Amino acid sequence: MSAVVRLSDVHKRFGAVTVLNGVSFEVGRGEVAAVIGQSGSGKSTALRCIDALERIEQGTIEVCGHAVHDPKLDRRALRCDVGIVFQSYNLFPHLTAEQNIMLAPTCVKSLSKADARTLARDVLARVGLAEKADHYPEQLSGGQQQRVAIARSLAMQPKLMLFDEVTSALDPQLTGEVLKVMEDLARGGMTMILVTHEMSFARKVASKIIYMHKGTVWETGPGAIIDAPQTLELRKFVGGEM
Amino acid sequence: MSYQFDFLALLPYWREFALGVWLTLELSAIATVLGFVFGTLCAIGRSGGSPAVKWAIAAYVEVIRNTPLLVQIFLVYFGIATLGVHLSANFAAVAALVVNVTAYTCEIVRAGIESIHKAQLEAAECLGLSRAQTYWHVILRPAVERVYPALTSQYVLLMLASSITSQISAEELTAVANRIQSDTFRSFETYIVVGVLYILLSMVVRIGFGLFGLLVFVRRRKLGTSL
Amino acid sequence: MPTFTLVHLEYLSWAALWTIGLSVIAFIGGGILGFGVAMARIAPSRVLRTAAMVYIQLVQGTPLLILLFLIYFGVAILGFNQVPAILAASLGLTIYASGFLAEIWRGCIQSVPKTQWEAAECLALTRWQRMTRVILPQAIRIATPPTVGFMVQIVKNTSLASVVGFIELAQAGKIINTSIYEPFTIFVIVAIFYFLICFPLSTWSRSLERKLNVSGR
């Protein structure tokens, strides 16, 4: 079976601190995996390792056929297949929403300006922001900025989308609009891995829950494990979050 | 391109090089101390004086910062001579450097003073400190501490710029070099040696300011914050 | 005894044009070289980074006067007997400006948040595309006020070009002074010329900085 993402025995240290201590999991095509756990459990680091933003010391990571652990990895080819959305949006402040989205398709995929613009309008419409194309990031609310950031990733037509605590910087009322976009994506069959604190969202949308604790995968299973945790730690964690 | 480098020809002149280094240090040290004192006074006047004082200081700073040091040196040296007062080249050099660096110090310290939060003043007032005490403890000391790195860079630049005073034959390293190269005809080698000496001097001055800062700013020393 | 006349003023005006011309050459030359050094200063290669750092330290640690002497006598050693003054002066000021502009620009480039690099990287942009399309447009905004401010330093420092035989404002003042000996008048007028060139630049730099602070980085 072809897993889109396969981590096995991944180790990552920052100086003397071991952040990932033998992490293994798989995510198949069309699956939506939610990585949950306390802060410091290594869940964001694991996500960043998948997109080769961190170098690992040990273990293997395969993503869409790329050997991410290999020092000879073609990073640009990997990034064409993987989209990532950050907690702090990281839109380019000197470009409008539309220009933010057009940048990579014109630079990387050599699309013409006109084609890129059509594409940008299309993805902006998908996140419900068609009318904000000409706005600069500072003119948009946090939720809108995050939706533009999602649209920017979508424009590259990735095979896998990563979401790193994308709603953590948002007010509760803005969280909903971003989650809805993600839910639509999931329904459309996108393979997704999301690091999140939104338990109810994870239970509703995720086909797989990965609970991380102390740098390892502590417990994993379908969305239902949130309601019926097998381990004491997950039970405690769920109890604290809900 | 068959030039034979001959640094050995300069060896007999090591005492003069050493003297030049010493004179440059002396010249810059005097200008730095005086420039710091006058510059700080100007900064105080610029931020808290009467409108006329403020305007006069601002005009002085602008004039100095928008004209070359070389022209300032000529004005002090030749210009004052025409008024009937004869200055030695070295005195004119120090005077011109002080006039110059005072203006830059004023700007830097003023920026430091303006960065002090108003709430600090109110707190000091509420504690019953006098105006002078407030100024010294709450404004000036923290302001100078904050801009100390900028002052350091400025005084390193001053040390390097003191080479320009060789143009009125003030005694310092560059003037010494000019003399040695005309004695030995080893111009290129002489200026390489002097260039290296200036680079070493700027390192020494930087380190000196670093150590002095540790001595003066106790909090930085205790917290280990870099200067 | 001859006195300061319109002829002298005209001579100084010509010299002022040379001052401006030399400043422009130094700024363009120093800008191109300095940009290269700034890029090397943040390059992935450690060797390049160190080389750029050493270059900056050397240029910033040597007085411009010594730099000009070194070029003047150094070029002669290379076998060119008579170096045109403008060449020696341009070369010296270019090297000087490059050392300072490289350091100013490195600071501005590095003040763009790291997350911007990361976001651009994750969109599969090449290093060059990240730099030109994402980082530099943001860095230029931050870099403009200090760069304009540094132009003032360049203009003032062209006054040292006289040591390699280049006739600009300060040197023209000296030449007039040897014939009429009215140093006070002459150098005050020379200073006014410099002020008229530099003050607008200073004011421009300050207003740019205010605008930048208001709009937030």
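Just so we're on the same page: letters track the sequence lines, and every chain starts at 1. Remember, it's a predicted structure, so these values are computed and weren't measured experimentally.
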Does any non-hydrogen side-chain atom of [Y] lie less than 4.5 Å from one of [X]?
X        : Y        : answer
B/Leu160 : C/Thr62  : no
C/Phe187 : B/Phe78  : yes
C/Phe69  : B/Thr174 : yes
C/Tyr194 : B/Asn66  : no

Of the backbone (N, CA, C, O) and the side chain (C-beta and beyond), which part of [X] lies under 4.5 Å from a heavy atom of chain C, both, or neither?
X        : result
B/Arg206 : neither
B/Leu157 : side chain
B/Val63  : both
B/Gln72  : neither
B/Ser166 : side chain
B/Thr67  : both

Could you list the donor-acceptor pairs under 3.5 angstrom formed between side-chain atoms of residues 23-30 of chain B and any protein atom two or more places apart in sequence or on another chain?
unit_1, atom_1, unit_2, atom_2, d
B/Thr24, OG1, B/Gly20, O, 3.4
B/Thr24, OG1, B/Leu173, N, 3.0
B/Ser28, OG, B/Thr24, O, 2.4

_Show, in sequence, the C-alpha distance, side-chain angles and deciding distance for B/Gln167 and C/Leu65, and conclude whether the side-chain contact (heavy atoms from CB on, under 4.5 Å) test is met._
CA-CA 10 Å; B/Gln167 294 294 299; C/Leu65 207 53; 4.2 Å; yes
*Heavy-atom contact with chain B under 4.5 Å, split by part of C/Leu58*: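 Both the backbone and the side chain of C/Leu58 come within 4.5 Å of chain B.
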*For C/Val163, is it the side chain, the backbone, both or neither that has a heavy atom under 4.5 Å from a heavy atom of chain B?*
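For C/Val163, the side chain is the part near chain B, not the backbone.
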*asked:* Donor-acceptor check, side chain of C/Lys156 to backbone of B/Arg65, threshold 3.5 angstrom: yes or no?
replied: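 Side chain of C/Lys156 to backbone of B/Arg65, a donor-acceptor pair under 3.5 Å: yes, one is there.
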*Tell me, out of C/Cys198, C/Ser202, C/Ala191, C/Ser162, who's got the most heavy-atom pairs with chain B below 4.5 Å.*
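Counting heavy-atom pairs under 4.5 Å, the top option is C/Cys198.
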*Any chance the rings of B/Tyr191 and C/Phe73 have centres within less than 6.0 Å?*
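Yes - the distance between ring centres of B/Tyr191 and C/Phe73 falls below the 6.0 Å cut-off.
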